[in-house]
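Accompanying notes for the structure given below.
All figures in this text were calculated on a predicted structure; none of them were measured in a lab. To find a chain, count down the sequence lines: A is the first, B the second, and so on, and within it residues start at 1.
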Protein chains: 4
Amino acid sequence: MGVQERRARERAARKETILDAARALLLEQGFTGTTTKQIAEHCELSEATVFFYFKSKDEIFISLLFEGIEFWCHGLEKIAGLDLTPEDTLARIWKFFGQVHTEHPEYYQLSAFLARPRSTTDVSDEVRTDIIQLSGKNFQKLADILENALGKGEGRVAADLLWASFLGLTLVRESRINLGAPRHPTDRDMNRIIKLITHGLLSDTNNGERT
Amino acid sequence: MGVQERRARERAARKETILDAARALLLEQGFTGTTTKQIAEHCELSEATVFFYFKSKDEIFISLLFEGIEFWCHGLEKIAGLDLTPEDTLARIWKFFGQVHTEHPEYYQLSAFLARPRSTTDVSDEVRTDIIQLSGKNFQKLADILENALGKGEGRVAADLLWASFLGLTLVRESRINLGAPRHPTDRDMNRIIKLITHGLLSDTNNGERT
Amino acid sequence: MGVQERRARERAARKETILDAARALLLEQGFTGTTTKQIAEHCELSEATVFFYFKSKDEIFISLLFEGIEFWCHGLEKIAGLDLTPEDTLARIWKFFGQVHTEHPEYYQLSAFLARPRSTTDVSDEVRTDIIQLSGKNFQKLADILENALGKGEGRVAADLLWASFLGLTLVRESRINLGAPRHPTDRDMNRIIKLITHGLLSDTNNGERT
Amino acid sequence: MGVQERRARERAARKETILDAARALLLEQGFTGTTTKQIAEHCELSEATVFFYFKSKDEIFISLLFEGIEFWCHGLEKIAGLDLTPEDTLARIWKFFGQVHTEHPEYYQLSAFLARPRSTTDVSDEVRTDIIQLSGKNFQKLADILENALGKGEGRVAADLLWASFLGLTLVRESRINLGAPRHPTDRDMNRIIKLITHGLLSDTNNGERT
DNA sequence: GATGAATGAGTATTCATTCAT
DNA sequence: GATGAATGAATACTCATTCAT
């Protein structure tokens, strides 16, 4: 028994090692830009061993994605359980986004991977459905939290705004050549921005459907 | 002379054809995912001809980037020349972002391309500097426009917020599998969001440096 | 024009070079045993060049097969046009089988290739249908020739017997380790055998359906 | 001792399991087309275990071959012991060939395997010699039986003819795409053919060495 | 005995790029 | 100018085999 347990633990550890390598490389080079050889070298294993643990390159990145989705799920559940003022709720969410970015920085890139249109070895429909469903649930949870905090049926739009802003800022911040600002947004900038958004969301009394 | 002129025109036209093909493919498949063969087929030329007009694959995408930067430059200059209320300025900028996305949708993707760290045929330092400088100027122009409209030294932060929000929303909107919301933000959502941002930026009186 | 013609000729010649290499290797090592690298080395081209002329490994071997089928077709047509005694007809056919074996010795092996059950990049249904149809026509032609010579509705069975005997003898003759006889059948043996078969077919008066 | 015996029996049984799997796969996919992983999966063992019982992939197929050779040997001895008319002898041999094909259908394919010229882990010379010797003995036995039945020094040629015809017919019959006849030879066809051959062999009075 | 893990050497195929015509 | 032909270096993935437990 002890043997089997240890084996399972070791196996899990190796898998995680491989995922860590893939994560790092994905961030720097994107999906097509990352090769299985690089991944293997990065974790000092032979390519064949990588394929012993994962059936294909795709499977590696899908595993990464599921890890990210789960991280989201836990984080949002924790926030939902807290009892905070609207302002603090927004701040807390923003902070959580930062954590996602710290611990699963590849999460943003993965959407690009899944967006590939006609790739050959494409993700199976089953997996695709799982991803969509789980992601959808996560987003709904975020919208619910915001709806609770803000009321006014703005939860969904607020979720869009927060999530997209953070995503955009993150991308800008990470790219080595900044196509926009001559310096990347700092943490202070980020704080300033969430305050502006908060302000917009909270003081927004006279909204409505005047498209 | 007339002959030379015509030649130059034809040459420019051919180059544009190639760039159009590259643009379309870049959007669907990313930089590493797009092959020179695909580009050649897409514009019904031989690969060798593509390489006659552009020294390398990288050069094609860099040209694309410069086109985008120029588009930005013109657009922002036009906006700077207008005399609008703060609210309308924000709306106008948001609308312009939409135009960038319509006519140079690849612009967002290109940052990923430039972010590659150790690519072999890497962009020359000279080119890199050009890109940074021109992009920086553009961003500064945006910040100036916003500073004029809002005052309070918030131009730079406002520029970050607007640009990042739009970038994030765009990415979310374009990805085929939505990792966030179960449905992609609509134009209506986009409008709603710029209103929220506007609100935040304009009514934000008691801001300051209380991180 | 001259240029294009020459190009076409050169192209055809190169293709034939590759096919020759493939033919030789197929005979020695079978389909899965023959690698594209070997083929390339054998005709002193790079692997990439081989793939420039043929879309895939499969395509190479299918081309080989079609060459063989065509060779059959021509040969049988010629025989059908002759006016020979039954005995000479059989001898002529047997001799033709020998020619097939000399000039397209791989033809026999190719059936094994096509027999592969669940191969991934399998032959397209279209191609498969072509092969079956053309081969079937060839066989029918053989059966017709034999029916003309022998009468008695034995054409089909005679065709089976001749063809299978020759195929079997050829395989036995080519294998390096003989699983049967301690020496391989010689040309003299082959002649002796066709005489025996001829005898059986011609003197066979009291046949019938007494299974 | 009882323990040792049981062990030996179990060991033999395991080996046979592996050989059965290899046999089945060999038939469908050929030697190079069959992988040790497939063999292991087919008999629900780990690959490592397969390699515990057999030193190499080659050894597995060689064992298969020796089984076939032994089957031949027993079968021919039995026939040699019978006292039959020439006609019945031929029929009996033909029937035996059918049994070989039923119980050791891979036997035919194995010649191809052994024919490989420069395979890396090639069969040792010792083994090769064994195979040749044993096969040779078998064939000689067949020739002797036929010589006894037919006289006239035709035993060897008759053996060639019978064996090759059957081999050829079998191959044609098994291939999924028939390169020859539009339908595969049936049992009835097979019977018809042995009658023709019999006829040829028995009534052949005026033969001789007039090549 | 049995097996999970590990790997060096392949395996078909693709890619960006060059060059002679 | 334009292109068919050619290729070295990759690229994802497989294979037979070994070894520690």
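C/K57 places a side-chain N or O within donor-acceptor distance of the main-chain N or O of C/F31, the cut-off being under 3.5 Å. C/Q29 places no side-chain N or O within 3.5 Å of a backbone atom of C/L26 that could act as its donor or acceptor partner. Panel note: side chain B/Q38, backbone B/T35; a donor-acceptor pair is recorded below 3.5 Å.
Listed by first residue number, the stems of DNA chain E with at least three Watson-Crick or G-U pairs below 3.5 Å are E:2-21 with F:2-21.
In this structure, B/E59 places its CD atom 15 Å from P of E/dA16, rounding to the nearest Å. Here the C1' atom of nucleotide F/dT18 and the NZ atom of D/K57 are 17 Å apart, to the nearest Å. Between the C1' atom of F/dA20 and the CD atom of A/E10 lies a distance of 11 Å, rounded to the nearest Å. Here F/dT3 presents its P atom at 18 Å from CZ of C/R6, a figure rounded to the nearest Å. One can place CD1 of B/I39 at 16 Å from P of F/dT3, the figure rounded to the nearest angstrom.
Taking the side chain to side chain donor-acceptor pair (under 3.5 Å) definition, one finds that A/K55 meets it with A/E59, sequence neighbours left out. Every residue two or more places apart in sequence or in another chain that forms a side-chain contact (heavy atoms from CB on, under 4.5 Å) with A/E16 is listed here: A/L19, A/D20, A/R23, A/E67.
Sorted by residue number, the list of members of residues 11-24 of chain A with any non-hydrogen atom under 4.0 Å from DNA chain F is empty. Residues of residues 41-55 of chain C having a heavy atom closer than 4.0 Å to DNA chain F, listed by number: C/L45, C/S46, C/A48, C/T49, C/F52, C/Y53.
The closest side-chain heavy-atom distance from A/Y107 to A/L64 is not below 4.5 Å.
Residue C/T36 has no polar side-chain atom (N or O) positioned under 4.0 Å from OP1 or OP2 of E/dT11. The side chain of D/K37 contributes no N or O atom lying less than 4.0 Å from OP1 or OP2 of F/dC15.
The heavy-atom pair separating D/F54 from D/S63 by the smallest distance is CE2-OG, 3.5 Å. Taking every heavy atom of both residues into account, D/K15 and D/Y53 meet most closely at CE-O, 3.5 Å.
Residue contacts shown for A/T35 are limited to sugar-phosphate atoms, with no base heavy atom under 4.0 Å away.
Each of A/G33 and D/Q38 was matched to the nucleotide of DNA chain F holding its nearest heavy atom; the match closer to the 5' end belongs to A/G33. Where B/R7 and A/R7 meet DNA chain F, the nucleotide closest to each residue was compared, and B/R7 sits on the side nearer the 5' end.
Expressed to the nearest 0.5 Å, how far CD1 of B/I39 lies from CD1 of B/I60 amounts to 4.5 Å.
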Could you list the donor-acceptor pairs under 3.5 angstrom formed between side-chain atoms of residues 40-51 of chain D and any protein atom two or more places apart in sequence or on another chain?
| residue | atom | partner | partner atom | Å |
| --- | --- | --- | --- | --- |
| D/S46 | OG | D/T49 | N | 3.2 |
| D/S46 | OG | D/T49 | OG1 | 2.9 |
| D/E47 | OE2 | D/T36 | OG1 | 2.8 |

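Under 4.0 Å is where a charged nitrogen must lie from a carboxylate oxygen, and between D/R6 and D/E10 at least one such pair does.
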